[in-house]
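Below: the structure, in structure tokens.
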Amino acid sequence: LVLFLSACLKDDNSDNGSIPATLVSVVHASPDGGDLIVGIDGSRANNQSFNFGNRIVYLPFFPGGHQFQVNRAADNKMLDVKNWNLEGGVYYTIFAVDRLDSLELLGVRDFYAGDKFKDGHAKVRFINLCPDSLSLDLKANAIDTLLASNRKFKQNSQFGDIMADDKTSYNVQILDHATGRQLAVEEFKPAAERYYTIMAGGVMDPKTEAQKLRVFVLKHD
């Protein structure tokens with residue numbers, strides 16, 4: 001879906017026209033960050049509680065410079081603020097990452113509107129947002145090669161094609177890159193012509209069960 005925003009385009013004829021929006025999603029990936037407030041250009045983006053694993057779906061904005069801010073909901077303390085220049089017709093995800101005492105915003109380009117899919121396939125990538133991990137791999141059963149390899153904290157792979165039909169499901173496994181040991185697993189049933197991010201979220205040494213490293217499947221819709 002390509003969204004367009006009305007804009008007065010400055011050209012020789014001073015014609016009115018439309019430009020493709022930039023779209024931004026936000027994901028809470030801080031295992032001990034608690035309830036957060038997300039601000040975009042000075043306006044609050046979430047009206048409800050926003051906790052670990054929650055996601056704000058894509059919001060449309062005019063292309064250009066935008067400011068993103070994250071505050072702790074309990075006392076409105078600012079935790080991080082970033083300015084990014086965003087391109088029209090491009091989807092982005094902003095992740096609130098790391099532990100509370102070092103929480104920051106991480107901006108990742110997702111894909112261009114209108115990118116093509118192979119018939120019967122989805123597109124999948126992996127991002128390592130486990131702050132106390134060294135390096136992680138992503139594997140799926142029935143696929144001989146790794147979906148992603150040697151991704152360190154805050155690193156992501158590129159989107160790759162994966163078979164997706166009514167009969168196909170996978171167990172996606174997060175592995176320790178150095179030892180090959182399985183750290184977390186989750187069933188994943190992709191739909192054709194959809195984008196997915198498989199996120200390693202949580203910590204290797206959790207203080208609570210809720211902070212334990214696990215697989216998050218983020219569908220880009």
Side-chain angles (χ1 to χ4, degrees), residues 1 23 25-31 52-55 57-58 87 89-98 106-206 209-221:
L1 176 66
L23 291 105
S25 174
V26 186
V27 173
H28 189 320
S30 173
F52 179 46
N54 292 164
R55 176 172 174 254
V57 298
Y58 285 109
E87 183 180 348
V90 179
Y91 291 66
Y92 298 87
T93 297
I94 310 298
F95 295 90
V97 305
D98 214 337
L106 173 69
V108 178
R109 179 192 294 267
D110 294 337
F111 46 86
Y112 287 91
D115 281 355
K116 302 299 183 183
F117 289 85
K118 291 175 62 176
D119 288 344
H121 285 72
K123 292 184 181 290
V124 179
R125 71 176 175 190
F126 174 64
I127 188 166
N128 177 4
L129 296 182
C130 175
D132 61 346
S133 65
L134 294 177
S135 189
L136 302 177
D137 299 337
L138 183 69
K139 179 177 175 53
N141 68 313
I143 298 178
D144 293 336
T145 59
L146 293 172
L147 298 181
S149 177
N150 198 21
R151 299 292 95 183
K152 296 179 175 59
F153 178 48
K154 298 190 288 187
Q155 290 184 342
N156 63 278
S157 65
Q158 299 300 308
F159 281 103
D161 297 312
I162 191 170
M163 182 68 71
D165 57 41
D166 293 340
K167 300 178 181 178
T168 303
S169 64
Y170 303 92
N171 285 328
V172 287
Q173 308 155 40
I174 296 173
L175 308 177
D176 181 280
H177 176 73
T179 66
R181 180 170 63 95
Q182 180 179 293
L183 304 174
V185 62
E186 182 70 27
E187 185 178 6
F188 172 47
K189 187 174 179 60
E193 298 189 3
R194 293 292 183 268
Y195 290 92
Y196 296 88
T197 293
I198 308 297
M199 182 179 89
V203 290
M204 305 275 287
D205 185 21
E209 184 67 19
Q211 296 176 7
K212 185 178 179 180
L213 174 67
R214 62 186 188 272
V215 179
F216 292 84
V217 178
L218 308 176
K219 183 180 178 183
H220 292 268
D221 54 8

Carefully, step by step, assess Phe216 and Phe52 under the rule ring-ring contact (aromatic ring centres under 6.0 Å, His included). CA-CA 11 Å; Phe216 292 84; Phe52 179 46; 5.3 Å; yes
Qualifying side-chain hydrogen bond (donor to acceptor under 3.5 Å, both in side chains) pairs, either residue in residues 179-189, two or more places apart: Asp176-Thr179
About how many Å separate CG of Asp110 and CG of Asn156, when rounded to the nearest 0.5 Å? 9.0 Å
Would you name the heavy atoms of Pro190 and Ala164 that are closest together and state the gap between them? O-CB, 3.7 Å
Qualifying residues under salt bridge (charged side-chain N to carboxylate O under 4.0 Å, His left out), relative to Arg55, sequence neighbours excluded: Asp221
Sub-4.5 Å side-chain heavy-atom contact between Ile162 and Tyr170: yes
Side-chain touch Thr93/Tyr58, heavy atoms, less than 4.5 angstrom: yes
Side-chain contact test, heavy atoms from C-beta onward, threshold under 4.5 Å: evaluate it for Tyr112 versus Glu87 and give yes or no. yes
How many angstroms lie between atom OG of Ser157 and atom CG of Asn128, to the nearest 0.5 angstrom? 10.5 Å
Any donor and acceptor pair, going by atom type alone, linking the side chain of Ser30 with main-chain N or O of Asp98 inside 3.5 Å? yes
Please collect all salt bridge (charged side-chain N to carboxylate O under 4.0 Å, His left out) contacts where either partner lies in residues 131-152, sequence neighbours excluded, each pair once. Arg99-Asp132
Excluding sequence neighbours, so at least two apart, what forms salt bridge (charged side-chain N to carboxylate O under 4.0 Å, His left out) with Asp115? none
Sequence neighbours left out, what passes salt bridge (charged side-chain N to carboxylate O under 4.0 Å, His left out) with Arg194? Give chain and number order. none
For residues 195-203, which side-chain N or O atoms pair as donor and acceptor with protein atoms under 3.5 Å away, sequence neighbours left out?
from	atom 1	to	atom 2	distance (Å)
Tyr196	OH	Ala191	N	2.8
Thr197	OG1	Arg125	NE	2.8
Thr197	OG1	Arg125	NH2	3.4
Thr197	OG1	His220	NE2	2.7

Let me confirm one number: the CG-CD1 distance from Leu138 to Ile174, rounded to the nearest 0.5 Å. 6.5 Å
